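These notes concern the structure reproduced below.
Computed from a predicted structure; not experimentally measured. Below, chains carry the letters A, B, ... as their sequence lines are ordered, and counting in each starts from 1.
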Amino acid sequence: MAFIADTLLQLLAGVPMTLELTAISVSAGAILAGVLALLTRLGGPASWIARGYIFVFRGSPLLVQIFLIYYGLGQFPAVRQSLFWPFLRQPWWCALLALSLNTAAYGAEVIRGGLLAVPKGQIEAGRVCGMSTFTLYRRVILPLALRQALPAYGNEVIIMVKSTSLASVITLMEVTGIAKGIISETFRALPVFACAAAIYLAINFTIAGAVRLLERRLGVAS
Amino acid sequence: MTALAPLGFGPEGWGAALLLATGMTLAVSVCAFFAGLVFGTMGAAAKLSGGPVLRSVAGAYTTILRGIPDLLVIYLFYFGGSAAMTQIATWLGGSGFFGLNGFMVGVLAVGIVSGAYQTEVLRGAYSAIPRGEIEAARVAGMGPALMLRRITGPLALRTALPGMGNVWQMVLKESALISVTGLVDLMRQTEVAAGSTRLPFLFYATAACLYLVLTTISATLFRGAERSTRRGMARA
């Protein structure tokens, strides 16, 4: 029992890093996702680039992307001498970059689905009212699309909480990293696993609850 | 061409090793996918026709396994599996340390995680079968096995295929995590090659391309399978 309490305390120390990685990468990723989703609607080269980006980041494992950024970029002297090197040689920034770029690709698909679900009539009505494309997006299309995309985006956030565990592979000590350390010291895999699992479940239940609350708040005219 | 020489198939190149490792990734993914199909079938059966106890066990299984990182599950099986094996060996009179091999750890861990997703896919597909079809089969005097083979199985498969395709894609990408156990899959082989040639970007980019090839080919195959299960249906 003392071991479990002790383990839980040690693991809780990793929670802030797990949450920070999630929050920052989801926020940065959401902005990029929105841009990508809009680009796919433009047609022409811009949409090919966006589609290519989404294809590459959704089709390859996140672990490969993390290693490509953390180990791969240092191969080029140009990168090592650049302004960004102080950031790119730190695992923290590399993990953030990889997670953000990865979630942006999945998020773009979610938002794209939301945009496709906006009823044609709403868009036509907006046009008839004399709205410019910008106003139409701001007042009609985006609010409807984002409300539509919210449940699926909630799932993406939960997937990101789980994905932050991969940061432990490049030495970051978030919850999974600490758990692995304790397991390999004590070889008591099951209790440590149970503690870490409880922490992740608590985080994910909270997020799922918050998303449901937000969905209800943004519900259609109740 | 010299820049790509390390990827070649000669004695200095890593091409053959990478292709072999891609085969390992494929093998471990296929085994994990089918393990997941077994877990998923049991989970879906428990959720659909189990008693209150079985149903809540299946509910806990899908909720927990879908809410925690796969890496954690892999560590549990990697370290926990070895500890359990050593314990069993000691009981049987052996001594020393026994490890589970990486392949088995990977198949079990990724299989159990994907089984949780598979449960939901199969349960949804079964629930989507029109009641009338099942009643008609029963009236025609079919037993449960015959009904599964002739009626419910094919009908459920048609609805389940897109979801199963998604689970397969997930399994293929998660299989990269098994490299932490030391199993020489594509990911692990790439790490070795990147380390010994000091060309990490080249090799990780190559690995990403190989994974893309695998995901693209399998997506095409699944689309073909979906078309073939729908061939009798009216096109929307």
Drop me the distance from [X]'s [atom1] to [Y]'s [atom2], to the nearest 0.5 angstrom.
{"X": "Tyr200(A)", "Y": "Ile64(B)", "atom1": "OH", "atom2": "CD1", "answer": "15.5 Å"}
{"X": "Phe201(B)", "Y": "Ile69(A)", "atom1": "CZ", "atom2": "CD1", "answer": "9.0 Å"}
{"X": "Tyr78(B)", "Y": "Ile183(A)", "atom1": "OH", "atom2": "CD1", "answer": "12.0 Å"}
{"X": "Ser165(A)", "Y": "Leu72(B)", "atom1": "OG", "atom2": "CG", "answer": "7.5 Å"}
{"X": "Gln65(A)", "Y": "Tyr211(B)", "atom1": "CD", "atom2": "OH", "answer": "11.5 Å"}

Margin query: Below 30° counts as parallel, above 60° as perpendicular, anything between as tilted: where do the rings of Tyr204(B) and Tyr71(A) land?
Written below: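 Rings of Tyr204(B) and Tyr71(A): parallel, under 30°.
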Can you tell me which portion of [X] sits under 4.5 Å from chain B's heavy atoms? Options are side chain, backbone, both or neither.
{"X": "Phe55(A)", "answer": "both"}
{"X": "Ser184(A)", "answer": "both"}
{"X": "Val169(A)", "answer": "side chain"}
{"X": "Ala196(A)", "answer": "both"}

Checking [X] against chain A: side chain, backbone, both or neither under 4.5 Å from a heavy atom?
{"X": "Val213(B)", "answer": "neither"}
{"X": "Ser179(B)", "answer": "side chain"}
{"X": "Thr63(B)", "answer": "both"}

Notebook entry, point to check: For chain B, which of Ile158(A), Val175(A), Val56(A), Ile199(A) has the most heavy-atom pairs under 4.5 Å?
Noted result: Val56(A)
Check: If you count heavy-atom pairs under 4.5 Å with chain B, which of Val192(A), Thr176(A), Asn204(A) comes out on top?
Finding: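 Looking at each option in turn, the highest pair count goes to Thr176(A).
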Next item on the list: Measure from the side-chain N and O atoms of Ser60(A) to the backbone N and O of Ala208(B), and report whether any donor-acceptor pair falls under 3.5 Å.
Entry: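 Absent.
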Item checked: Lys162(A) versus Gly67(B), closest heavy-atom pair with distance -> CD-C, 3.8 Å
